[in-house]
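We use all heavy atoms of the structure for the numbers below, so side chains are in, but hydrogens, waters and symmetry mates are not.
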Amino acid sequence: MQPGDPWGFEEDVAETWGDLLSTQAVDLGVLAAFLLLAYVSFHRKSVRLKYVTLLAAVAYMGFAKSYLISITNIFSVLEGNLPVFKYNLAWYLFFGFTVVSTVLWGRFYCGRVCAYGAFTQLMDAILPAAWRVDVPKALEARAGWIKFFLLAAVLAYFFVTKDTMVYRFVEPFWMFGLSETSLLLWGGIGVLLAATVFVRNLYCRFLCPVGATLGLMSYLTVFKIKRWSECTTCKICEKTCEWGAIEGPNILVTECVRCDDCERVYADEAKCPHWRILDYKKRKGGMIPLTPVRG
Amino acid sequence: MVKWTRTCSVVAGLLVALAAVAAAADRIFTNPKPDGHLRALFPKAAAFSALSATPMHFKAYAADPKVTPNPPLLGYAFWTTDLVPNEFGYHGPIHVLVGMDLTGVITGAIVDYDSEPYGYFSMQPPEFGAQFTGKSVRAGFKVGADVHAVSRATISISSATRAIRDSARAMAKAFLNPADVKP
């Protein structure tokens with residue numbers, strides 16, 4: 001209690017950063033550990049660590065905390081309606097990481113931090129590949145546009161009506177909250193997940209307004225995926241990409257989620273023609289024994 | 001080529017959306033006629049003053065001042081958004097009407113408007129506001145201790161709780177005698 005203050009309310013004593021940090025330390029620590037794991041799995045291009053990251057994303061970021069970037073966060077940013085910083089340090093770390101990682105690498109968030117994206121990628125890893133339908137390239141390119149139109153439509157709807165609850169109809173992220181009671185909406189999730197069994201990462205690639213926003217921000221990408229001169233003719237990476245993000249020599253930044261699949265191929269000196277040709281030139285006249293890309 | 005048409009159309013879409021912002025600006029979400037809420041907070045009150053004074057509040061009277069001059073005062077009702085306008089939840093301020101009697105006991109807290117995405121299972125159910133009824137302004141107001149925590153909706157619950165605590169304390173400081181307020 002301060003002298004002369006008959007009330008002595010706790011919040012009148014200035015909150016120190018020590019107080020604020022100590023009450024939020026667990027959340028901050030677990031979140032920081034998860035984000036570090038996501039970064040290390042990406043930096044090392046490790047398949048095993050990526051799957052560990054995806055499992056952690058579903059369990060912790062999804063079911064435990066419901067830390068997912070939502071269209072409502074985009075409403076909030078555009079309106080300046082953000083949570084109070086000092087009481088929500090973990091949320092700001094998460095939000096800041098998403099923005100910074102997008103500027104540095106592109107849709108890194110979509111590829112391994114988003115709990116829903118992690119969920120559908122795990123579905124894809126577990127379900128038999130024979131069930132999957134490969135969307136024709138032309139259709140895939142057109143379907144990729146839907147998310148941008150959906151983003152524009154939802155923003156327009158929100159700014160006219162100010163109804164934040166519209167998020168329930170355009171994104172499935174609330175499924176991790178487990179508190180929705182509308183059978184219609186759960187039915188919608190059921191249909192979406194059933195369709196995802198056959199078309200991998202359907203929502204992320206074609207429908208997600210948050211993915212569309214991060215995709216637009218990805219034009220700023222600082223550390224781009226390297227391309228060789230051989231990429232103009234070689235199709236190995238394009239065929240490897242599960243996100244339809246490679247068109248000939250170009251990486252479509254709006255679609256690429258930095259999954260590492262193409263980067264693992266072109267770092268592989270036994271598979272990538274770039275290294276095969278260098279090797280061939282070194283040993284002039286020798287054969288180029290190419291190995292199959294997929295076993 | 002495809003890349004640029006894609007970017008341009010999306011930017012155009014965003015501009016349309018931003019134009020709508022300007023059109024929908026300055027909407028006020030504080031309920032201008034919270035009569036039903038006021039009666040719920042002070043069922044014994046015969047009349048309420050208009051929302052006025054600094055800090056802004058309603059006065060609850062035991063008798064109608066038009067009939068009985070200077071009727072006994074039962075307590076105060078106030079909007080959290082008037083008292084602590086900088087308290088933001090996940091998406092903007094949560095509008096709670098709080099009632100408090102002259103001994104600093106909260107008579108009720110009613111969430112009137114919010115735009116919290118996870119509000120429907122955290123602070124919109126009446127059970128949330130009901131927890132504050134009978135709580136002294138000197139209580140802890142700690143989520144997870146004397147206020148129920150709701151997992152996956154921490155930001156909304158914590159913000160609404162801070163809004164109620166801080167607005168009630170500001171009102172107590174302005175209008176109550178500390179000696180009358182028991183812990």
Side-chain angles (χ1 to χ4, degrees), chain A residues 5-12 27 63-67 70-73 75-76 78-84 87-88 90-91 141 144-145 148-149 151-165 167-168 173-174 176-181 212 215-216 219 247 250 252-254, chain B residues 2-3 5-7 9-25 27 29 86-93 104 114-122 137-138 140-142 144 150-156 158-159 162 165-166 168-170 172-173 176-179 181:
Chain A
D5 172 16
W7 292 101
F9 290 139
E10 209 181 325
E11 86 274 20
D12 291 350
D27 272 1
F63 287 110
K65 302 300 287 186
S66 275
Y67 278 147
S70 157
I71 186 72
T72 59
N73 296 129
F75 300 159
S76 298
L78 293 174
E79 280 192 320
N81 253 350
L82 290 163
V84 181
Y87 299 123
N88 298 294
W91 187 84
W145 280 73
F148 296 104
F149 291 115
L151 171 66
V154 176
L155 286 179
Y157 173 84
F158 172 71
F159 283 118
V160 172
T161 64
K162 294 279 171 173
D163 173 20
T164 46
M165 297 307 282
Y167 78 87
R168 299 184 302 160
F173 308 144
W174 49 262
F176 295 104
L178 301 173
S179 296
E180 178 60 58
T181 51
L216 289 174
Y219 281 116
E247 261 176 15
N250 300 318
L252 305 176
V253 289
T254 56
Chain B
V2 175
K3 221 164 85 171
T5 44
R6 186 177 302 192
T7 316
S9 62
V10 172
V11 168
L14 289 174
L15 286 175
V16 170
L18 287 173
V21 181
R27 281 184 61 165
F29 291 98
N86 295 323
E87 179 55 59
F88 276 43
Y90 194 81
H91 186 262
D114 71 90
S115 51
E116 300 291 280
Y118 280 3
Y120 66 93
F121 65 86
S122 55
V137 71
R138 289 196 194 276
F141 293 87
K142 292 260 187 289
V150 177
S151 63
R152 308 182 195 94
T154 310
I155 295 180
S156 305
S158 305
S159 172
R162 281 194 306 270
R165 178 194 71 186
D166 294 351
R169 289 180 175 179
K173 280 183 180 173
L176 302 185
N177 175 4
V181 178

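For A153(A), no part lies near chain B; criterion is any non-hydrogen pair under 4.5 Å. Only the backbone of A64(A) has a heavy atom closer than 4.5 Å to any heavy atom of chain B. When heavy atoms are compared at a cutoff of 4.5 Å, T181(A) does not approach chain B at all. Looking at Y120(B), the atoms closer than 4.5 Å to chain A (heavy atoms on both sides) all sit in the side chain, from C-beta outward. Heavy-atom distances place no part of Y157(A) under 4.5 Å from chain B, backbone and side chain included. Looking at S158(B), neither its backbone nor its side chain comes within 4.5 Å of chain A, counting heavy atoms on both sides. Contact of F176(A) with chain B is made through the backbone alone, with heavy-atom distances under 4.5 Å. For V11(B), no part lies under 4.5 angstrom from a heavy atom of chain A. Looking at F141(B), there are no atoms closer than 4.5 Å to chain A (heavy atoms on both sides), in backbone or side chain. Looking at A153(B), there are no atoms closer than 4.5 Å to chain A (heavy atoms on both sides), in backbone or side chain. Using a 4.5 Å cut-off between heavy atoms, L216(A) touches chain B through its side chain atoms alone.
Remark: H91(B) NE2 to K162(A) NZ distance equals 7.0 Å, nearest 0.5 Å. Atoms CD1 and CH2, on I155(B) and W91(A) in that order, are 6.5 Å from each other to the nearest 0.5 Å. Between atom OG1 of residue T72(A) and atom OH of residue Y118(B) there is a gap of 8.5 Å, rounded to the nearest 0.5 Å.
Contact record, N81(A) with P93(B): OD1-CD, 4.3 Å, taken as the closest heavy-atom pair. Listed here is the closest heavy atom pair of R152(B) and S66(A): CD-OG, 3.5 Å. Shown here for L82(A) and F88(B), the closest heavy-atom pair between the two residues is O-CB, 3.4 Å.
No side-chain heavy atom of E180(A) sits less than 4.5 Å from a side-chain heavy atom of F121(B). Side chains of R169(B) and W7(A) form no contact here, defined as non-hydrogen atoms less than 4.5 Å apart.
Cation-pi check for R162(B) over Y87(A) is met; the charged atom lies under 6.0 angstrom from the ring centroid and within 45 degrees of its normal.
In summary, of the residues considered (F149(A), W145(A), F148(A)), a side-chain contact (heavy atoms from CB on, under 4.5 Å) with V10(B) occurs for F148(A) alone.
Listed for the T164(A) side chain is a donor-acceptor partner under 3.5 Å among the backbone atoms of S115(B).
Counting heavy-atom pairs closer than 4.5 Å to chain A, the top residue among T154(B), N86(B), V137(B) is V137(B). Counting heavy-atom pairs closer than 4.5 Å to chain B, the top residue among D27(A), L252(A), N73(A) is N73(A).
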